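Here is the structure we will look at.
Whatever order the structure lists them in is the order used to number ligands and atoms, beginning at 1. Keep in mind that what you see is a predicted model, and the values were worked out from it rather than measured.
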Amino acid sequence: MRKALLTGTLAILTACLFFCGGEQKAATEEVPPYTVNAVRPDADGTTRILLLYDMEGISGVNKPEQTGFGNPEYQTGRDNLTQDVNAVVAGLFAGGADVVDVVDGHGSGNPEPDVDLAKLDPRAKMIYRDAPFAPYIDLPETDKYDAVAVVCMHAKTGSPGFISHTYNGGCDWIINGKSINETEIIAYSWGRFGIPVIFASGDDVLKGQLEYMGWLDYVTVKKALSWTDAELYPLDRVHAEMQAKAQKAVENLPQAKYVVFTEPLTAALRTQFPADHSVLGGVPGIDYKDHTVTFPAKTYREAYDGIVELIQVAGLGRLKLIQEYLAQAEQGPRIIKDVRAYMLKKHEDFLAGKWDPYAAPKKEEKADVKYFGAR
Ligand SMILES: [Zn+2]
C-alpha cells in the first residue's frame, strides 16, 4: 500500500513538473504568517477602550522586587503603576473615549488588583467576572470594545529587555515562525475580533519589538540596562508623554490596524533557562529540536492553549533547580525527607480511594469572589 501511494505521489509530482509550468510560482507562493488589517468604522458612536496593565514596564520601576506582591519594594511599584495607568486613562478620555475599562494582566499574587483602586481615576472601571479567566485569551465582550491600550509592558524572552520574559521566564512563544512578546499575544488575540491595540508603554527594547506596528503609539519609560536594572526617565516627562500619546491614539483610531495570524497555524515553544521541556525530545511523534517543541494548531486559541500546556512541562526546569538547591541547602535533607513522607501519605490515600489526583480541579465559585484578571 505504502509503496503504491509513494509511486502515485511521485507520478503526480513528475506530472506537475512537466505540466504546471508557469503556474508553479503561484503554487509555491508563501502564505503570509500574519495580516495587518484596517479597522472597521465605529458603528455605535461610543468609543470603548479596554486598558490592560502589566508591571515590569512601569515608569518608576527598575528592581524586579517592585513587581512582586509580598516584597517590601512592591508598594512603590504599585504606586507608580497607578500613576502610569492614570496618565493613560486621562489621555484616552481627552482623545474622545467614552468608556475605559481596566483589566489586570500581571498577577503579582496580590488578592486585589495591582492597580490601587482607591487612587485609580474614577472615570475608569476595573472589570470583574464571576469565574477565573486568562486576560490575554478569555476576552470580555469582544463586540463591545473599539480598541485596546496596554500599559507597563515588557520585552520578550531572550531579548535584552528589563525582566524580559513571555508569560513565564525562559519561554519563547513562536507562532507561524514569529517569536512574539506579550503585547503581541494580546494584539493577535484581540485581532481575531477586528480590534486593534493602539497604545503601549514599556522599555526601549519592547519599543523595538513593536516597531512594525506603525499605528501604535508607544511611550518609552526607561532604558533597559540588564534583566535586573534600567535607567529610569523623569516621571513628569514620561507621564505627560503617556497622556499625550494616549490622546493621540484615540484621535487616530480610525487609522489603526489590527493583526491576525493566518490559520491554520504552526505554534512552538522554545525554552531557555530556567524553562526546560527537553524531556519531550525522547518522545516519538513529538517534534522537538533546538530546545523547541513545534505543533500544528487549527486556531489561535488552540496555539495559545497548547503553548500554555507546554509551559507547564517546561516547569521541569525550575523543579530541577529546586532539587539542586535542596541537595546543597542546610535544611535540604530534612525537607526532602518531609516531602517523601508527604508523598507516601498521598499514595496511601490514593490507593485507598480517599483522594483522586486526576479529578478535575474544583471550580472556585464563591459568591463573594470576583475575578479581575491575572492573579
Ligand atoms: Zn507580563
| Non-hydrogen side-chain atoms of L117 and V115 separated by less than 4.5 Å | yes
| message | So, with waters excluded, how many protein N/O/S atoms does the Zn ion (ligand 1) have closer than 2.8 Å? | response | 3
| Quick one: which of D101, D44, D98 gives a salt bridge (charged side-chain N to carboxylate O under 4.0 Å, His left out) with K144? | D101
| said: Less than 4.0 angstrom from a charged side-chain N to a carboxylate O is my criterion; do R129 and D138 meet it? | reply: no
| Between the side chains of Q83 and D79, does any donor sit under 3.5 Å from an acceptor? | no
| query | How about Y167 and W173: are their ring centroids closer than 6.0 Å? | reply | yes
| Is the shortest distance from a Lys or Arg side-chain nitrogen in D204 or K222 to a carboxylate oxygen in the other one below 4.0 Å? | no
